Amino acid sequence: MKLRALLPLLAVALGACTAHARPNVLFIIVDDLRAELPIYGQDHIRAPHIDRLASEGVVFANAYANVPVCGASRASLMTGLRPTRTRFVNYHSRADKDAPEATPLHAFLKAHGYHTESMGKVMHDRDDLEDGWSVAPWSAQAGVAKDRATGFRNYQDPDNIAVFRKSGAGPATEALDVPDNAYFDGQTADRAVAALERLAQNEQPFFLAVGFVKPHLPFTAPRKYWDLYDREAIELAQVRTMPEGIPGEARHSFGELRRYSDVPDDPREPVDDQLARKLKHGYYASVSYADAQVGRVLDTLRALELDSSTIVVLIGDHGWSLGEHGLWAKHSPFDVATRTVAVVKAPGFEDTGTAKGLIEFVDLYPTLVGLVGLEPPGHVQGESFAPLLADTDAPGKKAVFPRWKNADVVKSERYALTRWSNRQGNTVAEMMFDHANDRDEIENIARDTGYEPAKRELSTLLRGIEGQQE
């Protein structure tokens, strides 16, 4: 661990981190952002602003959401609590109802002298945990005129608005020659820029949470971001059907995507190659659009000379399937849906690059609290990954534990085991993958006797975490 990297931790240990001297926190969360970016060695998506942040901080190559759906993931990471069979279950999950006794991250920081502010999609429901913010959470969606309202879909094309308002369904994509702030994320970036300019005038440290909606469906972004890509050159998933040997419990009909008017609504009908390319084109364009908004916020932080005194965290709330295993959207225990993006830049930590150690999102709460010189409350179930900021070669966790519905996942450095169980706790299905040889999760080795020792070890880890969850 390098000396300068140790200084923030030493300052905490010596009690030097007073409320007045504590760093600010800029917390950026991007909806449905899978780990398919240049910072992960895949340069077909253009995200130059996330690239720049990564060059100044640490990229976490193996960061996992604890639940692969937005509402539950956000409730879990903001409370530092793991999901269970009855807590943080779906996109409707609310932390204030599922974990009313927990002190959420922003409320904890507010109680310790921080100004806390939220804009865009941070919690799934804007009023969830609203008492922990210093000012009321803001959402661009609240300002849409009634005759143009299409909810989170945010269509700008008059024809799409008319179709949606008549039938409740619109297309899965939209590309218009409009400015960035025609859509919600551009308006959220405007709001974040103004907030930073205001907060820069205050001595009180701030926790500013900024949530960008894209690349969530529908894939709506200004045309200039679509023009960054040649649709015919976009490669489709290599394995576009469910491989043999995968349990039926792993299948789902990607109902989130089927709600759109140009997608087959029959759950048995697959997405054909032409539509798949169009959807991937839309996803890529939406990522580039979100990246541009991230860039505006980061540029403002730097222009205000706040970057040297601000911890910057950028994460996705979970991953997303783009045709792998024949699946689309999230709602799955596969690695492509649970693994996501995490980049952290913290003052005093000089190491930059990629940390390969495992982290999970219940670890965000204790990490951030520790970095500002505080001890997390007792209910928090994660552990700090600050050692990986000090030394990217340091080991991460032995395992991480996503879960979806009645499927529990234990992911070690090499293996991933998913176990479906009934309400009595009995195992009804399993799948296991060797990520050293099968990162795409094609061959289920759960019944391969050659992997029995590894499977027993994973099972022991999973039983241990299950004992902590309730």
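Quantities reported herein were computed from a predicted structural model and do not represent experimental measurements.
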- Closest approach of Pro205 to Pro23 (non-hydrogen atoms, all atoms of both residues): CB-O, 4.2 Å

- Query: Backbone N or O of Ala285 within a donor-acceptor pair of the Ser288 side chain at under 3.5 Å?
  - Reply: no

- Message: Does Glu413 have more than 12 heavy atoms from other residues, nucleotides or ligands lying within 6.0 Å of its CD?
- Response: no

- Closest approach of Ala172 and Val263, non-hydrogen atoms and distance? CB-CG2, 4.2 Å

- Message: Under a plain distance cut-off of 3.5 Å, with no hydrogens placed, do Glu117 and His115 share a side-chain donor-acceptor pair?
- Response: yes

- Query: Would you call Tyr40 and Arg339 a side-chain contact if the rule is heavy atoms closer than 4.5 Å?
  - Reply: yes

- Do the ring planes of His252 and Phe254 sit parallel (below 30°), tilted (30 to 60°) or perpendicular (above 60°)? perpendicular

- Does CD in Gln42 sit with more than 12 non-hydrogen atoms of other residues, nucleotides or ligands closer than 6.0 Å? yes

- Query: By ring-ring contact (aromatic ring centres under 6.0 Å, His included), which residues pair with Trp133, not counting sequence neighbours?
  - Reply: His106

- Message: I'd like to know if Arg94 pairs up with Asp125 as an ion pair, taking the criterion as any Lys NZ or Arg NE/NH1/NH2 lying under 4.0 Å from an Asp or Glu carboxylate oxygen.
- Response: yes

- Side chains of Glu441 and His435: is there a donor and an acceptor less than 3.5 Å apart? yes

- Whether Asn24 side chain and Phe206 backbone form a donor-acceptor pair below 3.5 Å: yes

- Item | N-O pairing of Asp335 and Arg439 below 4.0 Å | yes

What side-chain donor-acceptor pairs closer than 3.5 Å can you find for residues 364-374, not counting sequence neighbours?
unit_1, atom_1, unit_2, atom_2, d
Tyr365, OH, Thr103, O, 2.7
Thr367, OG1, Asp363, O, 2.6
Thr367, OG1, Phe385, N, 2.9

- Taking Glu324 for the side chain and Ala237 for the main chain, is one N or O donor matched with an acceptor at less than 3.5 Å? no

- Message: Looking at Lys455 and Glu430, is any side-chain nitrogen of the basic one under 4.0 Å from a carboxylate oxygen of the acidic one?
- Response: yes

- Query: Has Arg447 got more than 12 heavy atoms of other residues, nucleotides or ligands less than 6.0 Å from its CZ?
  - Reply: no

- Are any of the side-chain heavy atoms of Trp328 and Leu279 separated by less than 4.5 Å? yes

- Query: Do the side chains of His379 and Leu81 get nearer than 4.5 Å, heavy atoms only?
  - Reply: yes

- Test item: Leu196 and Leu301 side chains (from C-beta on) under 4.5 Å apart, heavy atoms: yes

- Task: Kindly compute the distance separating CD (Glu457) from CG (Leu417), expressed to the nearest 0.5 Å.
- Result: 11.5 Å

- To the nearest 0.5 Å, tell me how far Thr116 OG1 sits from Leu129 CG. 11.0 Å

- Presence of salt bridge, Arg414 and Asp434, under 4.0 angstrom: yes

- Give a yes or no answer on whether the side chain of Arg258 reaches the backbone of Asp266 with a donor-acceptor pair at less than 3.5 Å. yes

- Message: Quick one: does any side-chain atom of Asp31 pair with a main-chain N or O of His216 as donor and acceptor, under 3.5 Å?
- Response: no

- Is there a donor-acceptor pair closer than 3.5 Å between any side-chain N or O of Asn66 and the backbone N or O of Arg82? no

- Does a donor on one side chain and an acceptor on the other come within less than 3.5 Å for Arg85 and Ser421? yes

- Item | Minimum heavy-atom distance Pro377-Phe108, with the two atoms named | CD-CE1, 3.7 Å

- Go through the steps to decide whether Val362 and Ser76 satisfy the test side chain to side chain contact (heavy atoms under 4.5 Å, CB included), and finish with yes or no. CA-CA 7 Å; Val362 289; Ser76 172; 3.6 Å; yes

- Message: If you compare all heavy atoms of Ala61 against all heavy atoms of Thr354, which two are closest, and at what distance to 0.1 Å?
- Response: CB-CG2, 3.6 Å

- Message: Nearest 0.5 angstrom please: Lys110 NZ to Ser134 OG, how far?
- Response: 5.0 Å

- Task: Output yes when Lys280 and Glu235 qualify as a salt bridge under the 4.0 Å nitrogen-oxygen rule, no when they do not.
- Result: no

- Task: Rounded to the nearest 0.5 Å, what's the gap from OH on Tyr64 to CG on Leu358? Could you check?
- Result: 6.5 Å

- Check: Phe334 main-chain N/O paired with Ser332 side-chain donor or acceptor under 3.5 Å: yes

- Message: Do Ser253 and Arg268 pair up side chain to side chain, a donor and an acceptor below 3.5 Å, judged on atom types alone?
- Response: no

- Is it true that a side-chain atom of Thr340 and a backbone atom of Leu33 form a donor plus acceptor pair closer than 3.5 Å? yes

- Task: Side-chain contact test, heavy atoms from C-beta onward, threshold under 4.5 Å: evaluate it for Leu257 versus Val271 and give yes or no.
- Result: yes

- For Val341, does its backbone N or O pair with a side-chain atom of Arg34 as donor and acceptor, under 3.5 Å? no

- Query: How many angstroms lie between CZ in Arg46 and CG in Asp43, if you round to the nearest 0.5 Å?
  - Reply: 8.5 Å

- Query: Is Val122 close to Pro137 at the side-chain level, that is, under 4.5 Å between some pair of heavy atoms?
  - Reply: no

- Item | Between Thr460 and Arg463, a side-chain donor and acceptor under 3.5 Å | yes

- Task: Quick one: sort the Trp320 and Tyr283 rings into parallel, tilted or perpendicular, breaks at 30° and 60°.
- Result: parallel

- Item | Identified ring pair (Phe, Tyr, Trp, His ring centres under 6.0 Å) partner of Tyr284 from the options Tyr229, Phe219, Tyr225, Tyr289 | Tyr229

- Side chains of Ile359 and Leu388 in contact at under 4.5 Å (non-hydrogen atoms): yes

- May I ask you to test the Leu236-Arg277 pair for a side-chain heavy-atom distance under 4.5 Å? yes

- Message: Taking Lys330 first and then Asp32, would you say they form a salt bridge - that is, a charged N and a carboxylate O separated by under 4.0 Å?
- Response: yes

- Message: Nearest 0.5 angstrom please: Lys214 NZ to Gln293 CD, how far?
- Response: 12.0 Å

